[in-house]
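Chain identifiers are assigned alphabetically (A, B, ...) following the order of the sequence lines, protein sequences preceding nucleic acid strands; residue numbering begins at 1 within each chain. What you see is a predicted model, and the numbers here were worked out from it, not measured in a lab.
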Amino acid sequence: MRRDLARELEGAVIDDVTVTGARSVRRNDTRTFRRALRGATLVSFGRHGKYLLMGLDDGRVLVAHLRMSGQFLLVPSAAAPVKHTHVRLALADGRELRFVDPRTFGELFVTTADLPELATLGIDALDLDRPALEALLGARRGRLKALLLDQRVIAGIGNIYSDEILWTARLRGSRPANRLRPVEVGRLHDAIAAVLGEAVARRGSSLADAQYVDLAGQPGSYQEAHNVYGRAGLPCPRCGRAVERTVVAQRSHFWCRNCQR
DNA sequence: CGATTATCCTGTGCGC
DNA sequence: TGCGCACAGGATAATC
């Protein structure tokens with residue numbers, strides 16, 4: 001999504017801001033949010049974990065998190081808004097960037113360049129080198145899956161990718177994070193890079209309800225490459241044993257008992 | 001400290 | 001077809 005935004009919106013000028021949803025703009029009141037964005041030019045496009053960071057020409061940053069069902073859609077301004085369109089940024093060139101979010105868990109806000117709201121986030125998963133991963137693992141006593149999902153430790157890995165990473169690294173999510181052998185840390189590090197890299201290359205995972213779509217409304221295809229996520233009862237692609245589903249902290253966890261140790 | 005539970009929402013798919 | 005229930009890419013606060 002960051003790449004789509006950068007390709008399409010570099011230099012775009014925001015003419016008007018319409019906020020119709022009550023929950024999508026957080027941390028700013030609507031008036032502050034509108035004032036910050038009206039007339040602004042989008043000059044840079046970053047990301048930290050799952051937060052999208054759109055830099056404005058005055059140095060401030062429009063921060064967005066899609067959470068479970070948020071979408072950014074770029075459409076002609078005249079297009080009729082779909083249901084659950086909560087925020088619209090009308091651009092000077094006749095297009096509109098729309099934030100659509102049925103479950104309203106997503107959020108948008110404008111803040112200063114030092115991003116105080118994101119201060120608790122851990123290192124981005126794609127910035128993690130092997131020694132850094134080893135240090136993080138050693139400092140935490142919980143289970144490996146919980147650590148991968150904890151955005152304060154590593155930012156950017158969610159429930160699909162934690163399961164795919166653990167399967168790729170042949171590690172059980174229930175393993176104590178600080179008791180991996182060096183060779184296992186190496187496999188985990190490789191798996192994080194491989195799974196996230198391939199998922200980005202395939203433009204993300206869109207499940208049956210197509211909540212995740214790109215800026216043009218198109219789904220990704222990484223779901224076709226899922227080895228365990230959502231595949232309870234189906235054969236493990238590596239060994240053929242049925243993939244299991246257990247529940248960890250109210251989240252589904254999919255894994256292979258035979259080839260993850 | 002770490003694990004679990006409830007909560008914020010809407011939509012979909014399933015069994016009956 | 002209608003109803004109730006389980007479940008969904010996340011994050012966080014409260015509780016055990």
Chemist: Please confirm whether the backbone N or O of A:Q260 pairs with a side-chain atom of A:R170, one donor and one acceptor, at under 3.5 Å?
Modeler: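 A pair under 3.5 Å: no.
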
Chemist: Can you tell me how far C1' of C:dG10 sits from CD of A:E107, to the nearest Å?
Modeler: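 About 10 Å, once rounded to whole Å.
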
Chemist: Is there a ring-ring contact (aromatic ring centres under 6.0 Å, His included) between A:Y222 and A:Y212? Walk through the geometry before answering.
Modeler: CA-CA 11 Å; A:Y222 192 70; A:Y212 179 73; over 10 Å; no

Chemist: Does a side chain donor of either A:D101 or A:T104 reach within less than 3.5 Å of an acceptor in the other side chain?
Modeler: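 Their side chains do not contain a donor-acceptor pair, so the 3.5 Å distance test is not met.
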
Chemist: Taking the side chain of A:R245 as heavy atoms from C-beta outward, which of B:dT4, C:dA8, B:dA6 is closest to it?
Modeler: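 Comparing B:dT4, C:dA8, B:dA6 against the side chain of A:R245, the answer is C:dA8.
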
Chemist: Any side-chain N or O of A:H84 less than 4.0 Å from the OP1 or OP2 oxygen of B:dG11?
Modeler: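 For B:dG11, OP1 or OP2 has a side-chain N or O of A:H84 closer than 4.0 Å.
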
Chemist: Can you identify which nucleotide, out of C:dA8, B:dT5, B:dG11, has its nearest atom closest to the A:P102 side chain?
Modeler: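 For the A:P102 side chain, the nearest candidate turns out to be B:dG11.
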
Chemist: Take the protein atom CG of A:D101 and the nucleotide atom C1' of B:dT10, then report the distance between them rounded to whole Å.
Modeler: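 Between C1' of B:dT10 and CG of A:D101: 10 Å.
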
Chemist: With the 4.5 Å side-chain cut-off for hydrophobic clustering, are A:L126 and A:I165 part of the same group?
Modeler: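 Yes; A:I165 is reachable from A:L126 via cluster members.
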
Chemist: Both A:A208 and A:A146 contact DNA chain B. Which one's nearest nucleotide lies toward the 5' end?
Modeler: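 By nearest-heavy-atom nucleotide position, the 5'-most residue is A:A146.
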
Chemist: How would you label the contact of A:D209 with the nucleic acid (heavy atoms, under 4.0 Å): base, sugar-phosphate, or nothing?
Modeler: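 The residue A:D209 makes base contact.
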
Chemist: By the 4.0 Å heavy-atom rule, please label A:K83 as base, sugar-phosphate, or nothing.
Modeler: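 Since only primed, P, OP1 and OP2 atoms lie under 4.0 Å of A:K83, the category is sugar-phosphate.
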
Chemist: In whole angstroms, how far is the P atom of C:dG10 from the CG atom of A:L66?
Modeler: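 Result: 11 Å.
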
Chemist: Mark yes or no for whether A:N178, through its side chain, and A:R141, through its backbone, hold a donor-acceptor pair below 3.5 Å.
Modeler: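 No, the answer is negative, given that no donor and acceptor are paired below the 3.5 Å cut-off.
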
Chemist: A:H253 has an atom NE2; how far is it from atom P of C:dA8, in whole Å?
Modeler: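 Computing the A:H253:NE2 to C:dA8:P distance gives 13 Å.
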
Chemist: Using the rule ring-ring contact (aromatic ring centres under 6.0 Å, His included), only one of A:Y161, A:F254, A:W167, A:W255 pairs with A:Y229; which is it?
Modeler: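 The residue from A:Y161, A:F254, A:W167, A:W255 that satisfies ring-ring contact (aromatic ring centres under 6.0 Å, His included) with A:Y229 turns out to be A:F254.
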
Chemist: Please work out if A:S206 contacts a base, only the sugar-phosphate, or nothing of the nucleic acid, heavy-atom cut-off 4.0 Å.
Modeler: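 Result for A:S206 = nothing.
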
Chemist: Looking at every strand, decide which applies to A:R26 at a 4.0 Å heavy-atom threshold: base, sugar-phosphate, or nothing.
Modeler: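 Contact class for A:R26: none.
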
Chemist: Can you tell me, in whole Å, how much space there is between the C1' of B:dA3 and that of C:dA8?
Modeler: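 Roughly 22 Å separates the two C1' atoms.
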
Chemist: Verify salt bridge (charged side-chain N to carboxylate O under 4.0 Å, His left out) between A:R7 and A:D4, making sure each step is shown before the conclusion.
Modeler: CA-CA 5 Å; A:R7 188 185 66 241; A:D4 280 7; 3.5 Å; yes

Chemist: Test A:V110 against every option in A:L56, A:V61, A:V63 by the side chain to side chain contact (heavy atoms under 4.5 Å, CB included) rule and name the one that passes.
Modeler: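 By the side chain to side chain contact (heavy atoms under 4.5 Å, CB included) criterion, A:V110 pairs with just one of A:L56, A:V61, A:V63: A:L56.
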
Chemist: Let me know which of A:L149, A:V228, A:D163 forms a side chain to side chain contact (heavy atoms under 4.5 Å, CB included) with A:H253.
Modeler: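 Option passing the side chain to side chain contact (heavy atoms under 4.5 Å, CB included) with A:H253: A:D163.
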
Chemist: Have a look at A:I160 and say if it touches a base, only the backbone sugar-phosphate, or nothing, with a 4.0 Å heavy-atom cut-off.
Modeler: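 A:I160: backbone/sugar contact only, no base atoms under 4.0 Å.
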
Chemist: Between B:dG2 atom C1' and A:K145 atom NZ, what is the distance in whole Å?
Modeler: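 To the nearest whole Å, that distance equals 17 Å.
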
Chemist: Let me know the distance between CZ of A:F99 and C1' of B:dT10, rounded to the nearest Å.
Modeler: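 In whole Å, B:dT10 C1' lies 14 Å from A:F99 CZ.
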
Chemist: Rounded off to whole Å, could you give me the CG-to-P distance for the A:L196 and C:dG9 pair?
Modeler: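 Atom-to-atom, A:L196 to C:dG9, this comes out as 16 Å.
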
Chemist: Please give, in whole Å, the distance from C:dG10 C1' to A:L148 CG?
Modeler: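 That distance rounds to 16 Å.
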
Chemist: Could you write out DNA chain B as dot-bracket? Rules: Watson-Crick or G-U wobble, both distances under 3.5 Å, brackets [ ] for crossings, | for pairs with another strand, dot for unpaired.
Modeler: .|||||||.|||||||

Chemist: Enumerate the ring-ring contact (aromatic ring centres under 6.0 Å, His included) contacts for residues 32-56 of chain A, please, sequence neighbours excluded, ordered by first and then second residue.
Modeler: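 Every pair satisfying ring-ring contact (aromatic ring centres under 6.0 Å, His included) with a residue in residues 32-56 of chain A: A:Y51-A:H65.
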
Chemist: Name the pairs: protein N/O against N/O of nucleotides 11-15 of chain C, kept only if under 3.5 Å.
Modeler:
from	atom 1	to	atom 2	distance (Å)
C:dA11	OP1	A:H65	NE2	2.9
C:dA11	OP2	A:K50	NZ	2.9

Chemist: For a quick test of reading the model: is some side-chain N or O of A:T104 closer than 4.0 Å to OP1 or OP2 of B:dT10?
Modeler: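 For B:dT10, OP1/OP2 do not have a side-chain N/O of A:T104 under 4.0 Å.
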
Chemist: Looking only at atom P, what distance separates C:dC3 and B:dC9, rounded to whole Å?
Modeler: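 Between the two P atoms, the distance is 24 Å.
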
Chemist: Measuring to OP1 and OP2 of B:dC8, would you say a side-chain N or O of A:R103 lies under 4.0 angstrom away?
Modeler: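 Checking A:R103 against B:dC8: no side-chain N or O falls below 4.0 Å of OP1 or OP2.
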
Chemist: Could you classify C:dG9 for me, syn or anti, using a glycosidic angle within 90° of 0 as syn?
Modeler: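 That one's syn.
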
Chemist: Can you tell me if A:F105 is stacked onto the base of C:dG10, using a 5.5 Å centroid cut-off and an angle below 30°?
Modeler: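 Yes; by the centre-distance and plane-angle rule, A:F105 counts as stacking on C:dG10.
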
Chemist: Salt bridge or not between A:R47 and A:D124? Use side-chain N to carboxylate O under 4.0 Å.
Modeler: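 Judged by the 4.0 Å cut-off on N to carboxylate O distance, A:R47 and A:D124 do form a salt bridge.
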
Chemist: For A:R141 and A:Q211, take the nucleotide of DNA chain B holding the closest heavy atom to each; which residue's nucleotide lies nearer the 5' end?
Modeler: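 Final value for this comparison: A:R141.
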
Chemist: Within the modelled atom types, does a donor on one side and an acceptor on the other bring the side chain of A:R143 and the base of B:dA3 under 3.5 Å apart?
Modeler: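 In this structure, the two groups form no donor-acceptor pair.
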
